[in-house]
2 protein chains.
Amino acid sequence: MPVTIKDIAKKANVSVTTVSRVLNNKPDVSEKTKSKILKIINELGYNPNGVARGLVLNRTHTIGLIIPDIRNPFFPEVARGIEDKAKEYGYSVIYCNTDNKKEEEKKAVELLLNKRVDGIILSLSMNNRDELDRIKKQGCPIVQIDRKVPDANYPTVTIDNLISAYNATKHLINLGHKYIAHITGNLDTKTGQDRLNGYKKAMHERGIHISQEWIIEGDYSKESGYKNMKRILNLKNRPTGIFIANDLMAIGAYKAVFESKLNIPEDISIIGHDDIELASLVNPELTTMAQPKYEMGKHAARLLIQEIEGSDQDNNQNILLNTELVVRGSTGGVG
Amino acid sequence: MPVTIKDIAKKANVSVTTVSRVLNNKPDVSEKTKSKILKIINELGYNPNGVARGLVLNRTHTIGLIIPDIRNPFFPEVARGIEDKAKEYGYSVIYCNTDNKKEEEKKAVELLLNKRVDGIILSLSMNNRDELDRIKKQGCPIVQIDRKVPDANYPTVTIDNLISAYNATKHLINLGHKYIAHITGNLDTKTGQDRLNGYKKAMHERGIHISQEWIIEGDYSKESGYKNMKRILNLKNRPTGIFIANDLMAIGAYKAVFESKLNIPEDISIIGHDDIELASLVNPELTTMAQPKYEMGKHAARLLIQEIEGSDQDNNQNILLNTELVVRGSTGGVG
DNA sequence: GTGAAAGCGCTAACAC
DNA sequence: GTGTTAGCGCTTTCAC
């Protein structure tokens with residue numbers, strides 16, 4: 001139905017080869033033929049078939065992106081970074097949301113492999129190394145983002161979560177807090193583990209004993225922050241500070257605090273993690289550790305495309321980005 | 001490099017046709033051959049080449065999504081709705097961000113057409129009807145979402161912005177306000193125009209004269225809300241209520257109000273539009289008109305795929321969804 | 001400077 | 001039930 005390279009060739013009285021040459025800016029075409037062909041291409045509104053091209057070149061100029069949920073405020077920023085960098089190199093991106101379900105992750109990988117994307121950027125649930133290996137076996141380059149599947153030796157763009165959590169906790173300690181709780185992330189993820197360990201490290205380093213009940217596992221959702229904060233607030237010895245593994249949970253926690261008629265930071269200091277847009281819009285504004293999200297996306301796309309195009313030297317780069325402490329109104333001195 | 005249908009055929013001592021048959025669950029294959037082939041497919045880890053399949057079937061099972069910016073909190077919800085419905089039908093989606101730039105919109109359309117997506121869902125800037133026609137000329141189904149390019153007769157999923165803005169304004173009027181300003185959206189979009197007209201309609205209906213300086217054009221960004229609210233607050237006769245065309249601007253406006261040492265809603269009532277997640281997280285919580293974003297995405301994907309698969313009766317459906325007034329803390333009676 | 005022909009991996013007549 | 005063959009729209013080798 002749509003016009004093909006053959007139609008152009010026929011109308012121009014040349015072979016498809018010649019048309020293909022001008023399409024791809026190859027040399028060895030006379031100026032005259034070239035302009036004639038170009039004119040006809042324009043007239044007929046010809047749009048080359050990328051699928052056919054993909055079949056012969058074995059390149060789709062498409063990359064896949066596997067993330068838990070685009071509605072999680074972390075990902076739109078990252079995704080936009082990826083897209084912008086990808087576009088720069090002439091690639092576009094297919095999204096797959098998995099809700100952290102292994103089954104969905106598997107499906108997504110299959111789908112993308114089947115679509116013959118040139119590479120995949122992914123943020124998988126922790127114990128899903130199998131998928132990574134499956135992709136690699138198919139010869140499809142990958143870059144992990146945000147989360148690193150343990151022991152999986154593939155290029156990764158992450159932040160140093162341990163140091164970041166360590167710094168967050170130290171911020172509270174430096175303010176004089178000693179009773180510091182932690183609502184963790186999903187402990188099936190390395191991110192969650194690292195942030196927990198950073199918290200522990202800071203506490204141990206200052207010789208502060210951690211009461212068992214101070215550590216509660218969350219799942220990164222607002223509801224989880226709310227629910228777990230309720231539990232924290234009901235402890236006999238209520239902590240005066242808390243490090244919450246992401247901002248979304250911290251914002252859920254706000255609600256729990258307000259419902260208890262307590263004040264932030266007077267009664268409890270809260271520090272979050274990620275610096276999502278929301279963080280500066282709640283009241284009091286949330287102290288948090290800022291992730292360079294957009295930049296993470298750009299780095300990941302660059303790494304991946306360099307690997308695809310074989311122009312990287314070191315194909316197992318790990319990019320570790322630093323977070324930055326953003327002090328706002330939700331943390332203060334003790335009592 | 002990867003294993004092809006030929007490899008399977010050879011190893012199974014059958015023709016590629018037969019393999020293709022079992023791949024596509026076609027009849028006329030003996031159980032015995034079938035299971036033999038299936039076994040080999042498994043052993044070799046065969047993954048069918050979707051590109052090749054796409055070429056012969058003229059179907060990629062991919063749809064394109066053209067939006068201004070995935071970081072705009074409106075779109076992740078919509079996008080997720082689209083993806084979920086698309087997945088249900090076996091489609092995946094390619095994203096393109098345009099920042100509302102005509103040039104980028106054009107590029108995105110070209111790209112998607114070139115990739116031979118089976119259909120496109122888009123939210124274009126107002127005066128870009130050309131692109132729509134270009135797509136249609138290529139025989140590619142489209143569905144507009146959120147914004148409708150005027151006079152373009154293509155299926156559309158929108159909310160009734162005029163009625164919605166009318167209801168928002170009436171909410172303020174009902175609270176006793178008479179001096180009601182409006183920060184508009186981008187007036188190059190029909191959405192922006194409709195919301196403006198809804199505001200005017202409500203005011204006229206109640207016989208309230210609209211002072212020229214009450215209407216200021218914004219661009220949907222937080223900064224724009226901040227900046228324009230500053231101007232409103234500096235008016236000699238400060239309005240007591242304001243309808244702001246989207247929540248993001250409303251939240252920017254909050255900052256302007258607080259900087260002026262004024263209170264919401266005591267000094268000025270604010271009603272936004274969209275009900276983004278943020279709306280219930282700011283302080284005071286924002287009164288707004290809730291859009292069924294996720295549902296909009298689902299509707300759009302369903303419409304598009306029905307058109308692609310030719311299973312729709314009426315191929316020019318316009319789905320007009322209603323918003324709902326969500327009264328929170330940012331609106332109150334007059335002083 | 002240009003063209004003929006093969007082939008990318010698959011599906012779909014059609015024949016047997 | 002199964003195989004042969006042509007062909008989807010393009011690129012690329014090789015020949016002229």
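Throughout, a chain's letter reflects where its sequence line sits, starting with A, and its residues are numbered from 1.
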A.B. asks: Could you work out which one of D/dT2, C/dT11, D/dT11 sits closest to the side chain of B/Thr18?
C.D. replies: D/dT2
A.B. asks: Just how far, in rounded Å, is P of C/dG9 from NZ of B/Lys6?
C.D. replies: 7 Å
A.B. asks: Rounded to the Å, how far apart are A/Glu31 CD and C/dT2 C1'?
C.D. replies: 15 Å
A.B. asks: Of B/Lys34 and A/Asn24, whose nearest nucleotide on DNA chain D comes first from the 5' end?
C.D. replies: B/Lys34
A.B. asks: Start with the C-alpha distance between B/Asp84 and B/Arg80, add both sets of side-chain angles, then the distance that settles salt bridge (Lys or Arg N to Asp or Glu O under 4.0 Å), and finish with yes or no.
C.D. replies: CA-CA 6 Å; B/Asp84 283 354; B/Arg80 186 65 205 266; 3.0 Å; yes
A.B. asks: Go through C/dT11, D/dC8, D/dC10 for me and flag the one nearest to the B/Leu55 side chain.
C.D. replies: D/dC8
A.B. asks: Please give, in whole Å, the distance from C/dG9 P to A/Leu113 CG?
C.D. replies: 15 Å
A.B. asks: Heavy atoms only, 4.0 Å cut-off, all strands: where does A/Pro48 land among base, sugar-phosphate and nothing?
C.D. replies: sugar-phosphate
A.B. asks: Taking atom types as modelled and ignoring hydrogens, do the side chains of A/Asn128 and A/Arg147 form a donor-acceptor contact shorter than 3.5 angstrom?
C.D. replies: no
A.B. asks: Nearest-Å distance, NZ (A/Lys26) to C1' (D/dT13)?
C.D. replies: 11 Å
A.B. asks: Looking at A/Tyr46, does any N or O in its side chain come under 4.0 Å of the phosphate oxygens OP1/OP2 on D/dG9?
C.D. replies: no
A.B. asks: Taking NE2 from A/His61 and C1' from D/dC10, how many angstroms apart are they, rounded to a whole number?
C.D. replies: 14 Å
A.B. asks: From the options B/Arg116, B/Arg134, B/Glu110, select the one residue that forms a side-chain hydrogen bond (donor to acceptor under 3.5 Å, both in side chains) with A/Asn47.
C.D. replies: B/Arg116
A.B. asks: What nucleotide among C/dC8, C/dC10, D/dG3 has an atom nearest to a side-chain atom of B/Ser15?
C.D. replies: D/dG3
A.B. asks: Classify the nucleic acid contact of A/Val51 as base, sugar-phosphate or nothing, counting any heavy atom under 4.0 Å across all strands shown.
C.D. replies: nothing
A.B. asks: Taking atom types as they are modelled, is there a donor-acceptor pair under 3.5 Å from the base of C/dA4 to the side chain of A/Thr17?
C.D. replies: yes
A.B. asks: Taking atom C1' of C/dA13 as reference, at what distance in whole Å does atom CG of B/Leu57 sit?
C.D. replies: 14 Å
A.B. asks: Side chain of B/Thr4, heavy atoms from C-beta onward: which of C/dG9, D/dC10, C/dT2 has the nearest atom to it?
C.D. replies: C/dG9
A.B. asks: Ignoring hydrogens and angles, does a donor from either the side chain of B/Arg116 or the base of D/dG9 sit under 3.5 Å from an acceptor on the other?
C.D. replies: no
A.B. asks: Of the nucleotides C/dT2, D/dG3, C/dT11, which has the atom closest to the B/Ser20 side chain?
C.D. replies: C/dT11
A.B. asks: Ignoring hydrogens and angles, state whether a donor on the side chain of B/Asn318 or B/Tyr154 is under 3.5 Å from an acceptor on the partner side chain.
C.D. replies: no
A.B. asks: Using atom CG of B/Asn13 as one end and atom C1' of D/dG3 as the other, report the distance to the nearest whole Å.
C.D. replies: 13 Å
A.B. asks: For A/Tyr95 and A/Glu83, does a side-chain donor sit closer than 3.5 Å to a side-chain acceptor?
C.D. replies: yes
A.B. asks: Mind calculating the distance between CG (B/Asn49) and P (C/dG7) to the nearest angstrom?
C.D. replies: 18 Å
